[in-house]
Number of protein chains: 2
Amino acid sequence: MGLIPKSIALKYSGQVIRVRKGDSVFREGEPALFFYQVEEGSVKMVTSSEDGREFIQGVFHAGESFGEPPLFCHIDYPATAIAITDSHVLKIPKDRFFQLLQENFAIHLRFDEGLCQSLRYKNMILSEVSFHTPEHRLQTLFRHLRETLPKKQGHIEVPFTRQVIADMIGLRVETVIRSIKKMESEGKLTLKGGKIRL
Amino acid sequence: MGLIPKSIALKYSGQVIRVRKGDSVFREGEPALFFYQVEEGSVKMVTSSEDGREFIQGVFHAGESFGEPPLFCHIDYPATAIAITDSHVLKIPKDRFFQLLQENFAIHLRFDEGLCQSLRYKNMILSEVSFHTPEHRLQTLFRHLRETLPKKQGHIEVPFTRQVIADMIGLRVETVIRSIKKMESEGKLTLKGGKIRL
DNA sequence: GGTTTCGTATGATTCGAATCATAAAGGGCG
DNA sequence: CGCCCTTTATGATTCGAATCATACGAAACC
């Protein structure tokens, strides 16, 4: 699985780099020179406001690509990509990547599918953030995670802290904590030592 | 201009349909069977909440395509497309459209660019809606419009009502009206008979 | 031309999430 | 183990946008 098989990536000057937890793959304002895909671990994409708050545009896991828009729009990165665990990231130079797409229509199609998935996610979060209550936002995010994350023995353990969740749906930690507690008391989810189970 | 020239569209079973102001091109829940592109007029994409409020995911003008994600993700439409003026819309059957992309790499690339532009817009609005004040949201939206819309003799006249603006950035009409009045008094924009000039 | 409808405008009030403050429970590590 | 730092937890207070109410100008309609 993964958008681009390593065997093919190698033919197009692809190389895998290691990124430590907390380090950035690229930062806001830098020119977009490479295509990136997570091989191992996970990477978050964040934009931060003047006063230090950050909004998490997305979290990417093994097999998912990220940071494509600037490649196609020929602009500098409008956001920063940071590893949230030690990770391996595949990078392919921009022009070689376009060549790869041209010569592999099937991959190109799957690439588009990835973009579209991303758009769907954003549309979803957007309408949530713009007119739904904290609880509703959480439920929608959790539903999405349920559909996306691999489930082990019937349930899913949310792999994010409450702060990260807050930054994903535009809320404050305290609000997320309170809402989750409320949802637990209503039986909408269970808490197992702080971890959220769906 | 426009993503797909009419001459090429015709080779792939493309046809132009007329849509009256207020009528829908497709509705939430319907299967995605066609690729769509605005030829004339403009189309809005909306999701509505249970209680009737609507959020405008985007407004598309001549030359822009819309409703692509469901085509690639093989899902039903999660939103409804409505003409906001009498419009002409080009439609190409799904399978023919994929064929078109496969046989026209340059168009495929520009198509991706469109998707990426859309993603950029959403990322922008998303961080605005999730942690900025009404005034900041308006300024960012207006900056975007300044970069996007064609300007006539040095200024731009915003082609949206305050209600539409509110639905684009997750605010209420009254809040938009108040903020705009304030911005006018601070010289950040001018009002000419109700119309907003940038 | 007069009436209806839509868009803009403004004031008063409510309400809920942000903010501020503080504490307790985990988790990693020397 | 005991210490430190992160994360979770909870209460009190503030504050600003939503809500409610109402009016008025302008465009659309018969």
Side-chain angles (χ1 to χ4, degrees), chain A residues 20-22 44 49-56 82 84-86 127-141 157-186 189-197, chain B residues 20-22 44 49-56 82 84-86 127-141 157-186 189-197:
Chain A
R20 298 210 152 279
K21 173 179 177 176
K44 69 177 174 182
S49 65
E50 306 72 47
D51 59 326
R53 283 195 65 185
E54 74 175 31
F55 179 77
I56 298 180
I82 297 175
I84 55 183
T85 63
D86 288 355
S127 55
E128 284 300 320
V129 171
S130 50
F131 53 54
H132 285 299
T133 63
E135 229 181 293
H136 195 286
R137 297 191 210 181
L138 283 167
Q139 275 177 343
T140 302
L141 177 65
E157 225 173 70
V158 179
F160 305 127
T161 65
R162 288 155 182 63
Q163 179 64 62
V164 170
I165 294 173
D167 291 341
M168 291 174 81
I169 55 181
L171 293 173
R172 313 254 67 174
V173 216
E174 298 95 320
T175 307
V176 169
I177 288 172
R178 282 187 248 263
S179 301
I180 286 179
K181 283 256 116 182
K182 180 154 171 286
M183 288 166 80
E184 186 207 12
S185 76
E186 289 167 350
L189 51 79
T190 52
L191 295 180
K192 191 81 182 181
K195 291 286 171 207
I196 302 158
R197 280 197 183 167
Chain B
R20 297 211 153 279
K21 173 178 177 176
K44 68 177 175 181
S49 65
E50 306 73 46
D51 58 327
R53 284 195 63 186
E54 72 175 33
F55 180 77
I56 298 180
I82 298 176
I84 54 183
T85 63
D86 287 357
S127 55
E128 284 300 320
V129 171
S130 51
F131 52 53
H132 285 298
T133 62
E135 229 181 292
H136 195 286
R137 296 191 211 181
L138 283 167
Q139 276 176 343
T140 302
L141 177 65
E157 225 173 70
V158 179
F160 304 127
T161 65
R162 289 157 182 60
Q163 180 64 63
V164 169
I165 293 173
D167 291 342
M168 290 174 81
I169 55 180
L171 293 173
R172 314 254 67 175
V173 218
E174 298 95 320
T175 306
V176 169
I177 289 172
R178 281 187 249 263
S179 302
I180 285 179
K181 283 257 117 181
K182 179 153 171 286
M183 289 166 79
E184 187 208 12
S185 76
E186 290 167 349
L189 52 79
T190 52
L191 294 180
K192 191 81 183 181
K195 290 285 172 208
I196 302 159
R197 280 196 182 168

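Letters go in sequence order (proteins before strands), and every chain restarts at 1. Keep in mind that this is a model prediction, so the values were computed, not measured.
Of all the heavy atoms in B:G22 and B:I82, the pair that sits closest is O-CG2, 3.5 Å. Of all non-hydrogen atoms in A:A166 and A:V173, the two that sit nearest each other are CB-N, 3.9 Å. The nearest pair of heavy atoms linking B:F55 to A:S130 is CD1-OG, 3.1 Å. Contact record, B:E54 with A:F131: C-CE2, 3.6 Å, taken as the closest heavy-atom pair. When all heavy atoms of B:S179 and B:E135 are compared, the closest pair comes out as OG-N, 4.4 Å.
Residues from residues 127-135 of chain A that place a heavy atom under 4.0 Å from any atom of DNA chain C, listed by number: A:P134. Annotation: proximity of residues 159-171 of chain A to DNA chain D (heavy atom, distance under 4.0 Å) is found for A:T161, A:R162, numbered in ascending order. Within residues 174-185 of chain B, the residues that have a heavy atom under 4.0 Å from DNA chain C are, in order of number, B:E174, B:I177, B:R178, B:K181.
The only option from B:T140, B:L141, B:I56 that meets the side chain to side chain contact (heavy atoms under 4.5 Å, CB included) definition with B:I169 turns out to be B:L141.
Axis angle, first five pairs versus last five pairs of the helix from C:dG1-D:dC30 to C:dG30-D:dC1: 50°, rounded to 10°.
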Could you list, one pair per line, each protein nitrogen or oxygen that sits under 3.5 Å from a nitrogen or oxygen of nucleotides 22-30 of chain D, together with the distance?
none

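Atoms CG and OG1, on A:L171 and A:T133 in that order, are 9.5 Å from each other to the nearest 0.5 Å. Atom CD of A:E128 sits about 9.0 Å away from atom CD of A:Q139, to the nearest 0.5 Å. With rounding to the nearest 0.5 Å, the separation of NZ in B:K181 from CG in B:L189 is 10.5 Å. Taking CD1 of A:I180 as the start and CZ of A:R162 as the end, the distance is 5.0 Å to the nearest 0.5 Å.
When DNA chain C is scanned 5' to 3' for any atom under 4.0 Å from a heavy atom of chain B, the first and last hits are C:dT8 to C:dA12.
In summary, B:K21 and B:D86 do not engage in a salt bridge, as defined by a charged side-chain N under 4.0 Å from a carboxylate O.
The interatomic distance linking B:R172 (CZ) with D:dA21 (C1') rounds to 15 Å, in whole Å.
Residues B:R53 and B:R172 are in side-chain contact: their nearest non-hydrogen atoms beyond the backbone lie under 4.5 Å apart. Counting only heavy atoms from C-beta outward, the side chains of A:I165 and A:I196 approach each other to under 4.5 Å. Put simply, the side chain of A:Q163 does not reach to within 4.5 Å of the side chain of A:V176, judged on heavy atoms.
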Step-by-step side chain to side chain contact (heavy atoms under 4.5 Å, CB included) determination, A:M183 to A:L138: CA-CA 10 Å; A:M183 288 166 80; A:L138 283 167; 4.1 Å; yes
